[in-house]
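Residue numbers start from 1 in every chain, and the chains themselves are labelled A, B, ... in the order their sequence lines are given, proteins ahead of strands. Treat the numbers as computed from the prediction; the structure is a model and nothing was measured.
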2 protein chains.
Amino acid sequence: MRVPRAEREQQMLAAAEAVFAERGFRAASMEEIAARVGVTKPMLYEYFGSKDGLLVACIARASAELFARTGRAHADARDPEHRVRDGVRVFFDFIAGHGAAWSVLRSESALGTGPAADAVERLRRQQSDQLAAVLREHPPLAGRPPTSLAAYAAVVVGACERLAARQGTARALSPAEATDVVMETVWTGLGSA
Amino acid sequence: MRVPRAEREQQMLAAAEAVFAERGFRAASMEEIAARVGVTKPMLYEYFGSKDGLLVACIARASAELFARTGRAHADARDPEHRVRDGVRVFFDFIAGHGAAWSVLRSESALGTGPAADAVERLRRQQSDQLAAVLREHPPLAGRPPTSLAAYAAVVVGACERLAARQGTARALSPAEATDVVMETVWTGLGSA
DNA sequence: CACCGTACCTTACCGGGAGTAAGTTCGAGT
DNA sequence: ACTCGAACTTACTCCCGGTAAGGTACGGTG
């Protein structure tokens, strides 16, 4: 059956996300992704250019989703502390709900260096910048130079990621617990920095 | 020229580390690594079993090196705060000096799931446990359950990693600056947790 | 010294998956 | 109804991880 491009692309992204999550990026074959959509390989190349391109597109989609959610959380919260807390909470909820998408997002280093890796790094920056902007509103940090804020944001993001990566390995923390741990360790420090 | 196994293995690990760092794990070819050592492919398979095996061996070596250094730093420092600070500092110095080794170490997710990934995860845990042990000696955290200490350790490790990953992307922080940022944000929080 | 076993090393191959060239069919717009 | 482009396929190539089978130097033993 013939299907318009926009729709096909979404099907492909969904299938790719699933297969990448099941088999891991390396073991996933373009053949299987195509088959799952009911199409053949060259279509994937027509629309996404390469296997890396497909991965990047998956990451971009998941990342946009996460970005939108944290953005909404920030907008709804009433002060910087709650903005950070709620944003972190949304992150852990997102992981809990979309384990597959997340494991794809984390495949960053599967693409070594190159344009694809750069694209991922840009998305990552977007997320960090969003957080840095929130931190700037926090009185104790108000006067800090952007570089400094970016570094603090990086610390928070790193803490979240590493904690999230532990899910499935060690005894998992609930989203609520994980959020508490991050805020306990990091927020107090940011206040007195 | 014929060379004994132990020595050859070291040559191979050095070459692999370099090629993985230059090209990225996926783009690196066993052929090139072998050629750089002055040997042919089957030797690599004889000694390391597979491409993943070779990566794991590289990671194990770099990881052992880092582990030894942080261990030494912990032993030399006089109280928990300095143990953590010096350990973090050693980490950033390690990155600054061994960029190649680090980029290999970070390839964790290049190997999806499977026994190889498990091996890497064990090494990672080793590092986290070392830090958790130091944290246990910090009075405010003395009574905490191991799970909790492990989570705090994960936060610190994540913060360090993410900050390290920014080197080369944004304006880089010096090891000293990076250490200060981590301690400022995280240590204060750990004291009052 | 001559022999032999072992460890180091090679050549020559296979299979599979990424990526592509060229051609086919459906369907929307005039 | 005819065209023209977008959606789609078949049928390849090439590269690379991995392997089978065999060759060659070197230490030990009679």
- Indicate the atoms forming the closest heavy-atom contact of Y47(B) with E9(B), along with that distance. CD1-CG, 4.0 Å
Got a list of protein N/O to nucleotides 5-7 of chain D N/O distances below 3.5 Å?
unit_1: dA7(D); atom_1: OP1; unit_2: R5(A); atom_2: N; d: 3.0
unit_1: dA7(D); atom_1: O5'; unit_2: Y47(A); atom_2: OH; d: 3.4
unit_1: dA7(D); atom_1: N3; unit_2: R2(A); atom_2: NH2; d: 2.7

For residues [X] and [Y], determine if any side-chain heavy atom of one lies less than 4.5 Å from a side-chain heavy atom of the other.
X	Y	answer
T70(A)	F94(A)	no
M12(B)	I33(B)	no
D76(A)	D86(A)	no

In whole angstrom, what separates [X]'s [atom1] from [N]'s [atom2]?
X	N	atom1	atom2	value
E31(B)	dC15(D)	CD	C1'	10 Å
I33(A)	dG17(C)	CD1	C1'	12 Å
E32(A)	dG16(C)	CD	C1'	14 Å
M30(B)	dC9(C)	CE	P	16 Å
E46(A)	dA21(C)	CD	P	12 Å
L44(A)	dG17(C)	CG	P	15 Å
F48(B)	dG17(D)	CZ	C1'	16 Å
L55(A)	dA18(C)	CG	P	13 Å

- Query: R8(A) and R5(A): side-chain contact (heavy atoms from CB on, under 4.5 Å), yes or no, with the steps?
  - Reply: CA-CA 5 Å; R8(A) 248 319 172 232; R5(A) 175 166 185 155; 5.6 Å; no
- Query: Under the 3.5 Å rule, do the base of dG17(C) and the side chain of K51(A) count as making a donor-acceptor pair?
  - Reply: no
- Task: Determine the interplanar angle of the H138(B) and W187(B) rings, folded into 0 to 90°, and report it as parallel if under 30°, tilted if 30 to 60°, perpendicular if over 60°.
- Result: tilted
- Return the 5'-most residue of the pair P42(B), K41(A) with respect to DNA chain D, ranking by each residue's nearest nucleotide. K41(A)
- Describe the nucleic acid contact of T40(A) in one word from base, sugar-phosphate, nothing, applying a heavy-atom distance below 4.0 Å. base
- Task: Check every strand shown and say whether A34(A) touches a base, only sugar-phosphate, or nothing at a heavy-atom separation below 4.0 Å.
- Result: nothing
- Message: Using the ring centroid of each side chain, check whether F92(B) and W102(B) are separated by less than 6.0 Å.
- Response: no
- Distance test, side-chain N/O of Y45(A) to OP1/OP2 of dG19(C), below 4.0 Å: yes
